[in-house]
Amino acid sequence: MAMASVQLGRQSSMLDSPRSPEAKLGMQVEDLWDVQEPELSPNDKLNACFESIPVSAFPIAPQGIEIKSDASLAEAVQILAQNKILSAPVVDDDAPEDATWMDRYIGMVEFAGIAVWILQQSEPSSPRSPSSPSGAESAIAANGMASAAGLGALGPEGASITSGDFFEALTSSEFYKNTKVRDISGSFRWAPFLALQKSNTFLTMLLLLSKYKMKSVPVLDLDDGKIDNIITQSAVIHMLAECTGLHWFESWGSKKLSDIGLPTMSPKQIITVYEDEPVLQAFKLMRKKRIGGIPVIERGGEKAIGNISLRDVQFLLTAPDIYRDYRSITAKNFLIAVRDHLEKHEKRSPMLSGMITCKRDDTVKELIQTLDSEKIQRVYVVDDDGNLEGVITLRDIISRLVHEPRGYFGDFFDGVLPLPENSRV
C-alpha cells in the first residue's frame, strides 16, 4: 500500500498576525536574550533565559480534563479519545474537598497503560475465559511489571488473536466495562505523579519533558491542592512555532537538523513492525521499548507505509467498524481501516496526512512548524529514495534547546534514578 508522503515546507511567520500568548512569551525570552552576557554561548544564553521564567507564565491549557477514580476503563477511553489527549490525572472520589494534592489525586491514566492492559487480555486467558485477571493484576500490567510487556513476537501466524471476534468480545465484556480506572492508574514513587509548583522555572520543565522523558508536566496550585495547568511536549513545540521571526529562535531554528545531531539513531536502531504482523505487535513493541509510535514497514523492503502511535489504541476500543470487516487485524489492515473510518466520519487526524517525513538538511524551524501544524509527535527522516534513516520526536527537539547544568536538580533524584519500570518519568 502506498501512502502519501508529506515533506516539510516553510511557513510564513506567525508574528505577522496578532500575537498569541505563546508569541508574547517568546518576546519575554527575546528581552532576556538581549541582556545576557555576550561571552555566553547561544545555548547557555537560552538556558539562562528559561531559568529566569516561572512555569506560571506558560499559557494555561484550554481544558483541564480529570477522570474520576471510579470511572470504568471504557469511560476513560472515551474521555481520552474525545478530548484528544494521551493521559489525564485521576481524582480520588473519596477525597475531601479540602484535600492536599497528594490526597486528591491517585495517579495518571494513559493510553500506554491501556495498551498493556489489552496485551494482557490477548494472552490465552482472555475476557472470554473464566480465568481473566483481577483488577490488581491489571494494575500490575499497566505499571509495566507483568509478562504482557515482554510477550514473545506475534508473527503473521499470530494474527488470529487480533481478530474482530477478539476485540468485539473484549469491548462488550463486563470485565472491560467494570474495570475501574483506579486499577490501572500509575503513580510516581511516593506521590500520585511528578509535578511542579508554579514558582518552578521553564528550564526545569523543559528538562523534565526532554532528558527525563515526561510526556506532560502537571503544574500545581498548592493553595487549593489542584492542578493549575498541564504542560505537554506538544504545547512547548507550539510555543516554539509561534516564536518564528524572533532573534533567539531564528539563531537556533535556522540550523540544519544534522548540525544539532538529529536524528540521534541509526537506521538499524529504529523499532519497526511489518505490514503483515498483528497490530498488537506494534503496541507491544511500543510499550516494551518505551516509545510512543512505530513505523509500519512493507514486507521485504525498507520503506514505511504508515505510522501507528499509542494514541491509536483508541480505534480498537471505540470504533467497531475498524475490525469487523477483517478476519485478522494486521498493521496494514489497521492503517487502511482507520483511514476509512476517519474519512467516513469526517474527522481530522494525523493518520489522514500519510507519512510525514523530512531530510537531514531540513532546518529545525521547518521541522517544528510541521510538527505543530500536523499535530504529530514524531517525524521520520528518509533518504532521497524514501528509505528510513531515523526518527525525530518532540522530546528530541526540546532536548536540543536546553541542557542540564551540573548539579541542577541537587539531590532530588537521589535514590530515584535509575527509574523503576512503573514510574511516569
Shortest non-hydrogen contact between [X] and [Y], atoms and distance:
X    : Y    : result
W33  : P42  : CZ3-O, 3.6 Å
P218 : I227 : CB-CD1, 4.2 Å
P89  : M108 : CA-SD, 3.5 Å
Y176 : T171 : CD2-O, 3.4 Å
A57  : I53  : CB-CG2, 3.8 Å
A61  : I230 : CB-O, 4.2 Å

Any side-chain heavy atom of [X] sitting closer than 4.5 Å to one from [Y]?
X    : Y    : result
D362 : K256 : no
L73  : V181 : no
L401 : L240 : yes
T363 : L257 : no
P192 : M102 : yes
F283 : I308 : yes
T318 : Q78  : yes

How far does [atom1] of [X] sit from [atom2] of [Y], to the nearest 0.5 angstrom?
X    : Y    : atom1 : atom2 : value
D312 : I294 : CG    : CD1   : 12.0 Å
L317 : I114 : CG    : CD1   : 7.5 Å
I336 : H341 : CD1   : NE2   : 15.5 Å
L208 : K215 : CG    : NZ    : 14.0 Å
R104 : E66  : CZ    : CD    : 5.0 Å
I231 : M214 : CD1   : CE    : 10.5 Å

Mind telling me whether F50 and F202 have parallel, tilted or perpendicular rings, with 30° and 60° as the class edges?
parallel
Can a donor-acceptor pair be found, under 3.5 Å and without considering hydrogens, that links the side chain of [X] to the backbone of [Y]?
X    : Y    : answer
N200 : Q197 : yes
Q314 : R311 : yes
D228 : K198 : no
E30  : L246 : no
R378 : I392 : no
N83  : I65  : no
E343 : D340 : no
Q233 : L209 : yes
E242 : M239 : no

Can S234 and K375 be said to form a side-chain contact (heavy atoms from CB on, under 4.5 Å), step by step?
CA-CA 8 Å; S234 296; K375 307 302 179 189; over 6 Å; no
Side chains of [X] and [Y] only: does a donor on one sit below 3.5 Å from an acceptor on the other?
X    : Y    : answer
R182 : S69  : yes
D396 : S399 : no
D92  : Y105 : no
S309 : Q377 : no

Heavy-atom neighbours of E302 CD exceed 12 at 6.0 Å:
no
Could you go through the side-chain contact (heavy atoms from CB on, under 4.5 Å) check for D103 and T100 one step at a time?
CA-CA 5 Å; D103 293 327; T100 65; 3.2 Å; yes
Derivation and outcome, salt bridge (Lys or Arg N to Asp or Glu O under 4.0 Å), residues K303 and E298
CA-CA 6 Å; K303 295 181 179 179; E298 58 187 7; 5.8 Å; no
E97/K226 salt bridge by N-O under 4.0 Å criterion:
yes
Could K359 and D384 be called an ion pair, given the rule that one side-chain N must be under 4.0 Å from one carboxylate O?
yes
As a quick check of understanding, evaluate side chain to side chain donor-acceptor pair (under 3.5 Å) for H247 and D34, giving each step before the final call.
CA-CA 9 Å; H247 177 63; D34 290 339; 6.0 Å; no
Answer with yes or no after comparing the ring centroid distance for Y212 and F409 against a 6.0 Å cut-off, counting only values under it.
yes
